Amino acid sequence: MSYDDFLAGVPVIVTAALTGGVHGKEANPAIPETPDEIGRAAAAVEDAGASVVHLHARDPSGERSFATERFQAIDDAVRAHADDVVIQHSTGGTGAPTEERAGPLRTDPPPEMASLDMGPLNRYDHLTSENTRATVDALYDEMADRGVKPELEVFNDGHINEAHGLLDRRALDEPIHTTLIFGPGTLTRPRPQNFLTAIDDLPDGATFNTLGFGRHQLPFATMGILLGGHVRVGLEDNVYYEAGELAASNAQLVERVVRVAEELGRPVATPEQTREVLGL
Amino acid sequence: MTCPYLDYREQAGSQSFDEARPYCTVSDRFVQPMRADICNDRYDLDHASHCEIYRENEEGDP
């Protein structure tokens, strides 16, 4: 994908990361946490132009859950409220065994897509989310068995090597779909040159989603639109609309990035177009 | 063993919630949901090893 795709008017896929598992309502009361709240948020972002919803599950206390039953309740709510949005489950986790992290893949039906973290990243001061190659392979194998499209989450440049390594070990369906992530800590430093380098290093033919954390969400999404990529926004990655002002909803963040895409002349993908582009 | 400084509260300061949420009585704030796995010593996580707030409070660990 490249600037040529922007010029050609290839539709941009907007993913909305509705809830996450790191922070919750203590950071922004608008974050949906219950299945019904998530289902209603999915409908709102779909109306705003998102065609994919990236989902985590939580217990009633807001704490994360890997339980298949909890994801099932969320999916049921999303399908009850939304029209045709693509469901993408997170398989990310810190400290949790691989078997638990596979729980989100076992809903009926399985999600059309699921995230697959490409390697380790530091959490807080004394903890690392390991994401060993054995974990990556095991989660990928279950995705393949269940017909789930993996979204390769690239938190830094080393994870691009890991993505190439996964392609050496496994035969992924094309197009390879990645998310390039920019922000603090272990993430790739959010600088335009790093974005260009990452795009250049991706496997041939790979599509990329653009994810900037916090204040970098909107500028990186804008660059992603211009560079022919896709974009992810939402309260999982950014709880603010602008400095000092909490976002009112996930839909508010989607509406803004859709306005940017339309102002730049790039059409926004419908769920049907998204399925076609990603080979779902 | 769960962190002795973990509590579950529906309200603290100006924040209130429908369900009780994890609350850290050392930092006097609601705990991020992911950090609550450390507070509760879930999986391979251990508050005495992995929580800098606990370590700083107990050991003066910078």
Side-chain angles (χ1 to χ4, degrees), chain A residues 18-38 55-67 70 90 92-103 117 120-132 135 185 213 235-237 239 246, chain B:
Chain A
L18 300 179
T19 181
V22 176
H23 52 263
K25 287 185 185 293
E26 80 289 343
N28 184 331
I31 293 178
E33 292 188 346
T34 68
D36 188 63
E37 288 174 345
I38 294 171
L55 302 175
H56 293 244
R58 299 171 183 267
D59 290 326
S61 66
E63 293 167 74
R64 66 183 185 170
S65 171
F66 301 105
R70 199 67 178 166
S90 169
T94 300
T98 303
E99 175 62 18
E100 293 231 14
R101 289 174 56 179
D117 296 352
L121 63 154
N122 288 335
R123 298 283 192 185
Y124 308 124
D125 290 348
H126 299 282
L127 191 61
T128 296
S129 299
E130 292 182 328
N131 297 314
T132 65
T135 293
F213 273 107
L235 294 172
E236 173 177 346
D237 308 322
V239 298
L246 290 174
Chain B
M1 185 189 84
T2 298
C3 177
Y5 303 117
L6 175 67
D7 193 10
Y8 277 80
R9 297 182 181 180
E10 293 178 358
Q11 191 272 332
S14 61
Q15 291 183 295
S16 63
F17 304 97
D18 293 338
E19 301 276 352
R21 301 177 72 91
Y23 184 87
C24 174
T25 59
V26 170
S27 59
D28 283 329
R29 67 181 64 173
F30 284 99
V31 176
Q32 283 188 332
M34 190 175 78
R35 185 185 283 275
D37 283 340
I38 303 173
C39 306
N40 282 291
D41 289 359
R42 295 188 183 116
Y43 315 123
D44 292 330
L45 305 178
D46 168 33
H47 66 276
S49 299
H50 296 134
C51 178
E52 60 271 23
I53 300 170
Y54 177 89
R55 290 174 59 147
E56 288 168 11
N57 189 68
E58 291 287 302
E59 308 164 11
D61 182 31

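Keep in mind it's a predicted model, so treat the numbers as computed, not measured. The sequence lines fix the lettering, A, B, ..., with proteins before strands; numbering per chain opens at 1.
Take A:Asp36 and apply the salt bridge (charged side-chain N to carboxylate O under 4.0 Å, His left out) test, not counting sequence neighbours, and it matches A:Arg40.
Using a 4.5 Å heavy-atom cut-off against chain A, the contacting residues of residues 17-29 of chain B are B:Phe17, B:Glu19, B:Ala20, B:Arg21, B:Pro22. Contacts between residues 2-15 of chain B and chain A, defined by a heavy-atom separation under 4.5 Å, are made by B:Tyr8, B:Gln15.
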What verdict does the side-chain contact (heavy atoms from CB on, under 4.5 Å) test give for B:Met34 and A:Tyr124, after you've listed the backbone C-alpha separation in whole Å, the side-chain angles of each residue and the deciding distance to 0.1 Å?
CA-CA 10 Å; B:Met34 190 175 78; A:Tyr124 308 124; 3.7 Å; yes
Quick one: do A:Arg64 and B:Arg42 satisfy side-chain contact (heavy atoms from CB on, under 4.5 Å)? Show the steps, please.
CA-CA 11 Å; A:Arg64 66 183 185 170; B:Arg42 295 188 183 116; over 6 Å; no
Stepwise, does the side-chain contact (heavy atoms from CB on, under 4.5 Å) test hold for A:Leu127 with B:Ile38?
CA-CA 10 Å; A:Leu127 191 61; B:Ile38 303 173; 3.7 Å; yes
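Of all the heavy atoms in A:Val22 and B:Pro33, the pair that sits closest is O-CD, 3.0 Å.
Residue pairs meeting the ring pair (Phe, Tyr, Trp, His ring centres under 6.0 Å) criterion with at least one member in residues 33-52 of chain B, sequence neighbours excluded, are B:His47-B:Tyr54.
Atom CD of A:Glu100 is surrounded by more than 12 heavy atoms from other residues, nucleotides or ligands within 6.0 Å. Counting non-hydrogen atoms of neighbouring residues, nucleotides and ligands closer than 6.0 angstrom, the CG atom of B:Asp44 reaches no more than 12 such neighbours.
Interatomic distance, CD1 of B:Ile53 versus NE2 of A:His126, reported as 10.5 Å (0.5 Å rounding).
With contacts defined as side-chain heavy-atom distances shorter than 4.5 Å, the pair A:Glu63/B:Asn40 qualifies.
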